[in-house]
Protein chains: 2
Amino acid sequence: MTAWRGGRCYGAGVSASQPVRGTRVRGTRQAEALASALECLAGFRSAQDIHAELRRRGERIGLTTVYRHLMVLSEDGAVDTIRDEDGETLYRRCETSEHHHHVTCRSCGRSVEVEGRAVELWADRVAAEAGFVDVDHTVEIFGLCPACAAK
Amino acid sequence: MTAWRGGRCYGAGVSASQPVRGTRVRGTRQAEALASALECLAGFRSAQDIHAELRRRGERIGLTTVYRHLMVLSEDGAVDTIRDEDGETLYRRCETSEHHHHVTCRSCGRSVEVEGRAVELWADRVAAEAGFVDVDHTVEIFGLCPACAAK
DNA sequence: CCGATAGTGAAAACCGTTTTCATGCTTTCC
DNA sequence: GGAAAGCATGAAAACGGTTTTCACTATCGG
């Protein structure tokens, strides 16, 4: 469970949010609802948070379905995923399809995408120096956003 | 469960490995055994791997105790921890007490410590630009080590 | 020795996630 | 329009790593 759960973001409708990128996520009421929730939620949220939010909105949708859709969406690159400090997976609608990293608020979940050409290069370089191949990296930055820091 | 479990590293003894840094981990047979196992195991291992290894060596030690000691050791900075792609926590005896990162083999767990002045600076900079404070970061690189890549 | 104190570990609880499987909803074809 | 086929759904159960519980044991100072 994340710390910042609970929230507003009602008045959902935001007009029939159309399918997120050409994925198979479409058609069903549940997929629509999930897409709309992702549209509306600003930061990284756990699957359970998102499910709770949907239920709060009155949607009839099962936790299983939320997990299933998030999995597909993330495989398709339509949502980003990160792991919080407890190992829980957090999801967020992806803004750009390019490789990038995040500065995420550990209190409210709000996050900013940052370009990381520099880290990419660094990671590739040090891995190559160590003789490693097929290299992959995870880079996440957590902190307190200006709003939360103000408290 | 990690992929590279099971291994040699018997003939353990390595002479009574002395207590790792001035922690409260000492005295008991189990703590000694764990310290010695960590000394001997090269790469990052899951708590369960380490426990299995100890049992294989004939040590009488419970999984709970392994977890407990690893927790303390990691709080004291005597072991490093990272999360693998499945969210499982992996442990390794720490080589330097300075902040550093790893290039870890996703097949055998072997890892190389790398200096990351560049990333530190980058992380601090982008976080500051976004107005975040109390910043923390995780940077892990996974790949195939030369030996595993050769197969 | 002895008693206080800290450590141990089997079993149960936890908790996020995945699987199962019976049921529903769509789509397709006639 | 309707029946069959196929995919989506979700409650409940399984899963797997980790933590908690609690009765028991080892250790250490005196």
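Just so you know, these numbers use all the heavy atoms, side chains as well, and skip hydrogens, waters and symmetry mates. Every chain is numbered from 1, with letters handed out A, B, ... down the list of sequences.
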Enquirer: For B:Asp136, what residues pass the salt bridge (charged side-chain N to carboxylate O under 4.0 Å, His left out) criterion, not counting sequence neighbours?
Expert: none
Enquirer: Taking only side-chain N and O atoms of B:Tyr67, does any of them lie within less than 4.0 angstrom of OP1 or OP2 on D:dT18?
Expert: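 Checking D:dT18 against B:Tyr67, a side-chain N or O does come within under 4.0 Å of OP1 or OP2.
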Enquirer: Run the side chain to side chain contact (heavy atoms under 4.5 Å, CB included) test against A:Leu63 and tell me which residues pass, sequence neighbours left out.
Expert: A:Gln48, A:His51, A:Tyr67
Enquirer: Under 3.5 Å, which donor-acceptor pairs link side chains of residues 118-133 of chain A to any protein atom two or more places apart or in another chain?
Expert:
{"residue": "A:Glu120", "atom": "OE1", "partner": "A:His99", "partner atom": "NE2", "Å": "3.1"}
{"residue": "A:Glu120", "atom": "OE1", "partner": "A:His137", "partner atom": "NE2", "Å": "2.9"}
{"residue": "A:Glu120", "atom": "OE2", "partner": "A:His99", "partner atom": "NE2", "Å": "3.4"}
{"residue": "A:Glu120", "atom": "OE2", "partner": "A:His101", "partner atom": "NE2", "Å": "3.0"}
{"residue": "A:Arg125", "atom": "NH1", "partner": "A:Glu129", "partner atom": "OE2", "Å": "3.3"}

Enquirer: Distance check needed: C:dG7 P versus B:Met71 CE, whole Å only.
Expert: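 Atom CE in B:Met71 sits about 14 Å away from atom P in C:dG7.
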Enquirer: If I take atom CG in residue B:Asp49 and atom P in nucleotide D:dG16, what distance separates them, rounded to the nearest angstrom?
Expert: 15 Å
Enquirer: Apply side chain to side chain contact (heavy atoms under 4.5 Å, CB included) to B:Cys148 and list each qualifying residue two or more places apart in sequence or on a separate chain.
Expert: B:Cys105, B:Ser107, B:Cys108, B:Leu144, B:Cys145, B:Lys151
Enquirer: Could you tell me which residues satisfy side chain to side chain contact (heavy atoms under 4.5 Å, CB included) with B:Glu98, sequence neighbours excluded, listed by chain and number?
Expert: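 Per chain and number, B:Glu98 pairs via side chain to side chain contact (heavy atoms under 4.5 Å, CB included) with B:Thr96.
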Enquirer: Check the distance between D:dG17's C1' and B:Arg45's CZ and give it to me in whole angstrom.
Expert: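 Result: 18 Å.
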Enquirer: Can you tell me how far apart CZ (A:Phe142) and CG (B:Asp134) are? Round to the nearest 0.5 Å.
Expert: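 Separation between the atoms: 13.0 Å.
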Enquirer: To the nearest Å, give me how far apart CD (A:Glu85) and P (C:dG16) are.
Expert: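 So the CD-P distance, A:Glu85 to C:dG16, works out to 16 Å.
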Enquirer: So what is the end-to-end bend of the helix from C:dC1-D:dG30 to C:dC30-D:dG1, with 5 pairs used at each end and the value given to 10 degrees?
Expert: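 Roughly 20°, once rounded to the nearest ten degrees.
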Enquirer: In whole Å, I'd like the distance from the CD atom of B:Gln48 to the C1' atom of D:dT18.
Expert: 8 Å
Enquirer: What's the CG-C1' distance between A:Leu70 and C:dG16, to the nearest Å?
Expert: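 Distance, rounded to whole Å: 13 Å.
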Enquirer: Can you list the residues that meet the side-chain hydrogen bond (donor to acceptor under 3.5 Å, both in side chains) rule with A:His102, with sequence neighbours excluded?
Expert: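 With sequence neighbours excluded, A:His102 shows a side-chain hydrogen bond (donor to acceptor under 3.5 Å, both in side chains) to A:Asp80, A:His100, given in chain and number order.
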Enquirer: In whole angstrom, give the distance that lies between atom CZ of A:Arg83 and atom C1' of C:dC15.
Expert: 14 Å
Enquirer: Checking A:Thr138 now: which residues fulfil side chain to side chain contact (heavy atoms under 4.5 Å, CB included) with it, not counting sequence neighbours?
Expert: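 Partners of A:Thr138 under the side chain to side chain contact (heavy atoms under 4.5 Å, CB included) test: B:Glu140.
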Enquirer: May I have the distance from B:Glu75 (atom CD) to D:dT19 (atom C1'), rounded to whole angstrom?
Expert: 13 Å
Enquirer: Does a side-chain N or O of A:His69 approach OP1 or OP2 of D:dA8 to a distance below 4.0 Å, or not?
Expert: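 Negative; the distance criterion is not met.
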Enquirer: Between B:Arg55 and B:Ile61 (side chain of the first, backbone of the second, donor and acceptor by atom type, cut-off under 3.5 Å), is there such a pair?
Expert: yes
Enquirer: For nucleotides 9-12 of chain C, which of its nitrogen or oxygen atoms have a protein nitrogen or oxygen under 3.5 Å away, and what is each distance?
Expert:
{"residue": "C:dG9", "atom": "OP1", "partner": "B:Gln30", "partner atom": "NE2", "Å": "3.1"}
{"residue": "C:dG9", "atom": "OP1", "partner": "B:Arg60", "partner atom": "O", "Å": "3.2"}
{"residue": "C:dG9", "atom": "OP2", "partner": "B:Gly62", "partner atom": "N", "Å": "3.0"}
{"residue": "C:dG9", "atom": "OP2", "partner": "B:Thr65", "partner atom": "OG1", "Å": "2.7"}
{"residue": "C:dG9", "atom": "N7", "partner": "B:Arg68", "partner atom": "NH2", "Å": "2.5"}
{"residue": "C:dG9", "atom": "O6", "partner": "B:Arg68", "partner atom": "NH1", "Å": "3.4"}
{"residue": "C:dA10", "atom": "N6", "partner": "B:Thr64", "partner atom": "OG1", "Å": "3.2"}

Enquirer: For C:dC25, take OP1 and OP2 only and decide whether either is under 4.0 Å from a side-chain N or O of A:Thr28.
Expert: no
